[in-house]
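Remember, predicted model here, so these are calculated numbers, not experimental data.
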Amino acid sequence: MIGALFSVLVLLTACTSEGSGTPGSSGGGAAGTTAETPPVAKLTALPAADAADVSPAAPVRVTVADGKLDEVALTNAEGKAVKGELSADKLTWTSAETLGYAKKYTYDASATGSDGKQVELKGSFTTLKPAKTPRATVNPADNANVGVAMPISVKFPEGKVTDKATVEKALTVTTSVPVEGSWAWLNDQQVDWRPKEYWPAGTKVSVSAKLYGLAYGGGAYGKADLTSDFTIGRNQVTKVHTPDHKLNVYRDGALVASYPASNGKDSDPNLNTPNGTMIVMQKDPVGDFSNPQYGYTNVMKKWAVRFSNHGEFIHENNDNAANIGKANTSHGCVNLLEADAKAYFDSALVGDPVEVTGSQANMPTTSDVYDWLIPWAQWQSMSALR
């Protein structure tokens, strides 16, 4: 009886020892080890590793979740560091300088998670290679003081823009007072912005064209960003009603000067001073008005104020003094006596409106600046974003 009881105890002891997992036991090898917990911090880069055809205008960003960034380095193919800024909360690093076209860049980032464990992220990407990078221009230029009818003009002289909507979205106009206006594409190489009505006098204007890295279409991309800051001057409007043989100058709506004039010949619509609202485009103390087609050469006139590229000027013509103020005998220009031409020249700003009425012919939309010849509703329809 005692022997049987001993055998049972031995069996129970053996079963208990085999599954106990107590220190010093030889059973359950898997229960004797612990798998390491992975770091909680997650690093992300944009562009991602191995990305190609990346826009060089887009900033590079490295972010971390469940941790803080320790260090981020972005270098070009030559090993030169690209400037960047770490956010105050150490969650985001953003590049702070423009990248180049067709270049390779490498990033190396590290962060420490909320669990105290460090993680790293490495990678590289390449920026796009444009087929061409045509230049662009903006007018008015910085610090210009211009008249109240002056449009803003962005031109692409080296190639056509096919993706007009994308380009137009990159253009902004900021004004010191509210001004209603719109962009309009005059052709594939020029987009202008003008206000619905003449600018308020004294308006400060800032133009920004974020064109670098921007797709124009057809494999062309922007060469550089453009900006301009200029001022609208006093409100001066020049009015010529051709049958009156006068040129009238208004400041803030009040008549401040009236000069006798001889305009384009009434009998020939091809020689009329055409109807329409144009702007002062250029001022020259002496202008060359030679026109072999009509039999005169080496004709120089003083105080020449161009208001179209169709051939119209306001200028001195004392040789026509007998008709000034009495008859319209010119080939389209507005002739003034010398003293009056000088006074008007001195008062005029590029961008001043010149309003002509009373002629048989209308100004054709072939001059460089014909913005005000287009009705407002039509002008708005010429935006690529309408």
Side-chain angles (χ1 to χ4, degrees), residues 56-59 83 85 94-99 133-158 161 164-187 189-214 216 221-237 251-252 277-283 305-307 346-354 368-372 376 379-380 382-385:
K83 294 178 182 178
E85 296 177 353
T94 306
S95 60
E97 64 179 271
T98 304
L99 305 184
T133 53
R135 69 183 179 91
T137 64
V138 62
N139 190 60
D142 275 335
N143 303 314
N145 187 49
V146 296
V148 295
M150 188 71 185
I152 299 165
S153 185
V154 178
K155 294 183 179 181
F156 304 86
E158 296 179 353
V161 174
K164 295 181 176 64
T166 294
V167 171
E168 192 173 329
K169 287 176 184 177
L171 309 177
T172 58
V173 177
T174 306
T175 56
S176 59
V177 296
V179 180
E180 182 181 359
S182 176
W183 291 100
W185 288 88
L186 305 186
N187 53 58
Q189 293 178 270
Q190 180 178 346
V191 59
D192 284 9
W193 192 100
R194 76 162 174 87
K196 180 180 180 180
E197 308 291 345
Y198 295 152
W199 293 97
T203 303
K204 305 291 185 183
V205 185
S206 294
V207 183
S208 174
K210 294 290 187 180
L211 300 178
Y212 179 73
L214 195 69
Y216 294 171
Y221 287 81
K223 188 179 186 71
D225 292 341
L226 301 175
T227 61
S228 179
D229 297 295
F230 62 93
T231 303
I232 305 300
R234 76 289 175 274
N235 181 305
Q236 177 165 302
V237 180
R251 288 275 182 100
D252 299 317
T277 297
M278 286 69 74
I279 70 166
V280 171
M281 299 174 61
Q282 181 180 335
K283 297 170 60 180
V305 177
R306 178 191 289 273
F307 63 93
D346 289 343
S347 76
L349 282 178
V350 170
D352 283 348
V354 178
D368 273 1
V369 185
Y370 59 88
D371 302 43
W372 294 96
W376 178 244
W379 181 267
Q380 289 180 299
M382 293 163 64
S383 165
L385 302 179

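- Without hydrogens or angle criteria, W379 side chain to S182 main chain gives a donor-acceptor distance under 3.5 Å.
- In terms of the ring pair (Phe, Tyr, Trp, His ring centres under 6.0 Å) criterion, residue partners of Y216 (sequence neighbours excluded) are, by chain and number, F156.
- Taking every heavy atom of both residues into account, T98 and P56 meet most closely at CG2-O, 3.9 Å.
- Here the closest heavy-atom approach between residue A57 and residue G213 is recorded as CB-CA, 4.2 Å.
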For V173 and W183, run side-chain contact (heavy atoms from CB on, under 4.5 Å): C-alpha distance rounded to whole Å, both residues' side-chain angles, the deciding distance at 0.1 Å, then the answer.
CA-CA 10 Å; V173 177; W183 291 100; 3.7 Å; yes
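- Across every non-hydrogen atom of G147 and D352, the tightest pair is CA-OD1, 3.4 Å.
- Panel note: side chain W372, backbone A149; a donor-acceptor pair is recorded below 3.5 Å.
- Distance alone, capped at 3.5 Å, places no donor-acceptor pair between the S228 side chain and the V207 backbone.
- Residue pairs satisfying the side chain to side chain donor-acceptor pair (under 3.5 Å) criterion with at least one member in residues 165-178, sequence neighbours excluded, are listed as follows: D163-T166, E168-W185, E168-S383.
- Rounding to the nearest 0.5 Å places CG of D368 at 10.5 Å from CD of Q282.
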Carefully, step by step, assess D371 and L186 under the rule side-chain contact (heavy atoms from CB on, under 4.5 Å).
CA-CA 9 Å; D371 302 43; L186 305 186; 4.0 Å; yes
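- Residues W199 and W193 bring their aromatic ring centres within 6.0 Å.
- Rounded to the nearest 0.5 angstrom, Y221 OH and L214 CG are separated by 9.0 Å.
- More than 12 heavy atoms of other residues, nucleotides or ligands lie within 6.0 Å of CD in E158, so this atom counts as buried by the packing criterion.
- Side chains of S153 and D192: a donor on one and an acceptor on the other come within 3.5 Å.
- Remark: K223 NZ is loosely packed, at most 12 non-hydrogen atoms of other residues, nucleotides or ligands lying under 6.0 Å away.
- Between atom NZ of residue K204 and atom CG of residue D229 there is a gap of 10.0 Å, rounded to the nearest 0.5 Å.
- Of all heavy-atom pairs spanning E97 and K83, the tightest one is OE2-N, 2.8 Å.
- Inter-residue side-chain proximity for P353 and V148 is flagged as met; some heavy-atom pair is nearer than 4.5 Å.
- Using a cut-off of 4.0 Å between Lys/Arg side-chain N and Asp/Glu carboxylate O, D346 and K283 are scored as not salt-bridged.
- From M150, atom CE reaches atom CG of L349 across 10.5 Å, with rounding to the nearest 0.5 Å.
- Closest non-hydrogen pair, Q236 versus S347, comes out as NE2-OG, 3.2 Å.
- Heavy-atom neighbours of E85 CD from other residues, nucleotides or ligands within 6.0 Å: at or below the threshold of 12.
- Interatomic distance, CD of E180 versus CD of Q380, reported as 6.5 Å (0.5 Å rounding).
- Looking at P151 and I279, their side chains come closer than 4.5 Å, going by heavy atoms from C-beta outward.
- Here the CZ-CG distance, from F230 to D142, works out to 10.0 Å after rounding to the nearest 0.5 Å.
- Of all heavy-atom pairs between L211 and L226, the closest is CD1-CD1, 4.1 Å.
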